[in-house]
There are 4 protein chains.
Amino acid sequence: MPSAGAPKFRRRKADRPDEIIAAALEVFVEKGFSAARLEDIAARAGVSKGAVYLYFATKEEIFRAVVEQGFAPNLQTIRNLAEGVPLPPLLRDLTVTISQPLATTKIGGIIKVVIGESRNFPELARAWHDTLVAPALAAMTSAIAAAQARGEIRPGDPRQFAISLISPLLVGVLWKETFVPVGAAALDIRALAKQHVELWLAGVAQPETA
Amino acid sequence: MPSAGAPKFRRRKADRPDEIIAAALEVFVEKGFSAARLEDIAARAGVSKGAVYLYFATKEEIFRAVVEQGFAPNLQTIRNLAEGVPLPPLLRDLTVTISQPLATTKIGGIIKVVIGESRNFPELARAWHDTLVAPALAAMTSAIAAAQARGEIRPGDPRQFAISLISPLLVGVLWKETFVPVGAAALDIRALAKQHVELWLAGVAQPETA
Amino acid sequence: MPSAGAPKFRRRKADRPDEIIAAALEVFVEKGFSAARLEDIAARAGVSKGAVYLYFATKEEIFRAVVEQGFAPNLQTIRNLAEGVPLPPLLRDLTVTISQPLATTKIGGIIKVVIGESRNFPELARAWHDTLVAPALAAMTSAIAAAQARGEIRPGDPRQFAISLISPLLVGVLWKETFVPVGAAALDIRALAKQHVELWLAGVAQPETA
Amino acid sequence: MPSAGAPKFRRRKADRPDEIIAAALEVFVEKGFSAARLEDIAARAGVSKGAVYLYFATKEEIFRAVVEQGFAPNLQTIRNLAEGVPLPPLLRDLTVTISQPLATTKIGGIIKVVIGESRNFPELARAWHDTLVAPALAAMTSAIAAAQARGEIRPGDPRQFAISLISPLLVGVLWKETFVPVGAAALDIRALAKQHVELWLAGVAQPETA
DNA sequence: TATGAATGAGTGTTCATTCAT
DNA sequence: GATGAATGAACACTCATTCAT
């Protein structure tokens, strides 16, 4: 009977943690860590307050799980930054690959929460920095430096070039999380990314020195 | 009277509200609204808990005062965006004017807090958007559109161009508030601004159509 | 059937209640009623939490069972206090009979728990008093009074004499439960009982009136 | 006006801790540590729940204060056990000195609580043992040993003699705390002490060896 | 029977807010 | 005005009890 394949009314125990994390993410993004009520998280996950404590020992642990779970899907993306490839096609490609999840997943909310709680949970901010942000920035920086060495792009601080490149994406997701919910005009992150990459490529191109 | 001679003891009652606001800003930036304790704010302002309530009716009101007080100094800057002026000199100028306070004042902290509490205080996020962010963006957008009309810069969505222009500054400020306190390498916002403006100007320039 | 041959696996269902009571006794003695967790009792009894509820309706009921079960083995001892017998041999005998279980069984723990929870479970304290303590004391008191009537022991309040007689045993048991677990020197209850009975007999003896 | 001597409605801050400790003692004796509700303690002390936390950080800390406060008044009594004095007058004296507070103060309740919570607060049980019980027992033991050396009392384990001596007092206070509240006949501790001391003195006296 | 996931009432603790001084 | 002791509503967390399997 259990093999019949029809999903049972009661969900499997194994699903609960993820359901709770998903619910918690929403609540944390809305309220921040402190103002988030455990009861809200539980309710949104469709379980009782007590059930949450079957899977997480404290509210903090839920928060950590939420933030850490924001890592995994993004780690791979970073490793795709190959150095030997000419930048223009690489970036035009990457733009699509990156702006897609930024526009559609919850990652923006996590970024917002990490920023907001960075002083209350410094280890999490540090983990995000060390595991995601710094490596990603370093990868882009060295890809840019390599392109400079090949003469493809003009001189200048490659780290600052990298920041110039990715900042609008970050601002885009924060805009979406911060101002759109209070009535601001939406931002087409993908269009923004596309136009910005062209701007950036033109901006870092070698001047046509005759 | 306050200007007449050196007052024996500073901290005249008229200064209290501002001292409280300044203290509150620090605490709110560190902890967020919910986790900020009134007692900490009072202590940092050098007054008793009860004294805070002589000037502000609730913790929320202090928060509003903190965020609203972040407006004033920036409103003027925005109005300086003249439309008739060629963009390059204007922006090179503006870069200095803007990145200076971003790098040295508390404005970064306020931005962080506004982002973090945008869902708990939507009116504040809306006020920031409507009063500061949207007008500034609109001003830049129309300045850019005007420049496009004059043929100074190439076609493209002028709002997105504007976002491309200012995003690195915003990211720089958030970086300073979020990752530097947990050990990340500092960012020279002014250098970043300078290099980025050149990148942007080059990136939006008309292609050298012969 | 249970007596036929060696049962393959012990722990037949009929044993469960006693196993639970035994486990509960340990936990109650360690923690007291309130701080005792049903889960601990279940775990120590080697059953699931739910299984406990197949045999007992509430935690209180388990507690009652534990305390009441402390009665049975002791009720008989009390009835052995014959009145017509000369006290010295009777007591020297009793000493061994009584100090044996005091030193080796869990009765000390039960006494401790009954004392500790007497206000939370007054009926239990009352039951202990009415069923065990008062009858025992009364039996001893009248045996002593009878001996006084026979001129074997000197005048004095026979109830107080009875208390003088048994107190060290009680204190010995409580000492074992209270101070030995925190590092105090152990007490040899049997030796104490032996020496104390002689002291008592000498103390209540008729002064050598020539 | 404050000097007028009329006690103000609002009690002095300095009195609160003691009032809370007194209230807590009652509740702890009635319920035990776990079952005692902070709200009950607060109510019985005539303050709000929050006020308790102005003086004690946790419920445990209140408990410790209650138990430790049970030390002080008793420490001095112990030191009065002089060794060179003949035992009979010393003990007849001591009996009054000791049974007085046992009969009238809250010490019995504290003893009961220390016994009941000895496993949950082993440091407290240990502190009681090391600071009060063991020294008192040691003092009596050596006073008895000295008397034995002087030939005043007969041979035998002096520690056991000491236990024989004090046990009825202990049992008396426990009786008062445990069984009297559930309807048992009261015990006149002072009369018990008096008769018991005589019993003990006669019991340990040198047999009239011709 | 037996399990253990789930529930939700209960309680320790915090902290914005009040108010007697 | 200024203080900080006092209040009590709010919330994280626990655990006896239930019940689907």
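None of these values were measured; they are calculated from a predicted model. Order of the sequence lines sets the chain letters (A, B, ...), proteins ahead of strands, with each chain counted from 1.
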Tell me: CG of C:D40 to P of E:dG4, nearest whole Å? 15 Å
To the nearest Å, how far apart are D:I41 CD1 and E:dG12 P? 8 Å
Rounded to whole Å, how long is the line connecting atom CZ of A:F63 with atom P of F:dC11? 18 Å
Side-chain donor/acceptor contact of D:K49 with base of E:dT13 under 3.5 Å: yes
note: B:E39, atom CD; E:dA16, atom P; distance rounded to Å ~ 8 Å
Answer for the Watson-Crick or wobble partner of E:dA20, both distances under 3.5 Å, is F:dT3
Charged N to carboxylate O below 4.0 Å: is that the case for D:E19 and D:R16? yes
Options E:dT1, F:dA5, E:dT7, nucleotide nearest the side-chain atoms of A:L54: E:dT7
Between CZ of B:R37 and P of E:dT17 the distance, given in whole Å, is 14 Å
Pairing of D:E30 and D:R44 as salt bridge, 4.0 angstrom limit: yes
Looking at A:R16, I'd like to know whether one of its side-chain N or O atoms comes within less than 4.0 Å of OP1 or OP2 on E:dA6. yes
Residue whose nearest DNA chain E nucleotide is more 5′ - B:K59 or D:Y53: D:Y53
Rounded distance (Å) that lies between atom P of F:dA12 and atom NZ of A:K31: 12 Å
Heavy-atom closest pair (D:A35 atom, C:N120 atom, distance to 0.1 Å) is CB-ND2, 4.3 Å
Per D:V47 side chain, nearest of listed nucleotides E:dT7, F:dC11, F:dT7: F:dT7
Under a 4.0 Å threshold between the charged nitrogen and the carboxylate oxygen, would B:K31 count as salt-bridged to A:E117? no
Looking across every strand, which nucleic acid part, if any, lies under 4.0 Å from B:A36 by heavy atom: base, sugar-phosphate, or nothing? sugar-phosphate
Proximal nucleotide (of E:dT11, F:dA12, E:dA6) relative to the A:S48 side chain: E:dA6
Which is more 5' along DNA chain F, the nucleotide nearest A:A35 or the one nearest D:A51? Just name the residue. D:A51
D:V52 or A:T58, whichever maps to the more 5' nucleotide of DNA chain F: D:V52
Mind checking if A:Y55 touches a base, just sugar-phosphate, or nothing, with heavy atoms under 4.0 Å? sugar-phosphate
Rounded off to whole Å, could you give me the CG-to-P distance for the A:D15 and E:dA5 pair? 14 Å
If you take all heavy atoms of C:T178 and D:V114, which pair is closest and at what distance? CG2-O, 4.4 Å
Supply the atom-to-atom distance A:I115 CD1 to B:E177 CD, rounded to the nearest 0.5 angstrom. 10.5 Å
Between atom CD in C:E60 and atom P in F:dA16, what is the gap in whole Å? 12 Å
Counting Watson-Crick and G-U wobble pairs only, both distances under 3.5 Å, name the nucleotide matched with F:dC15, or none. E:dG8
Residue closer to the 5' end of DNA chain E, B:A57 versus D:L38 (nearest nucleotide): D:L38
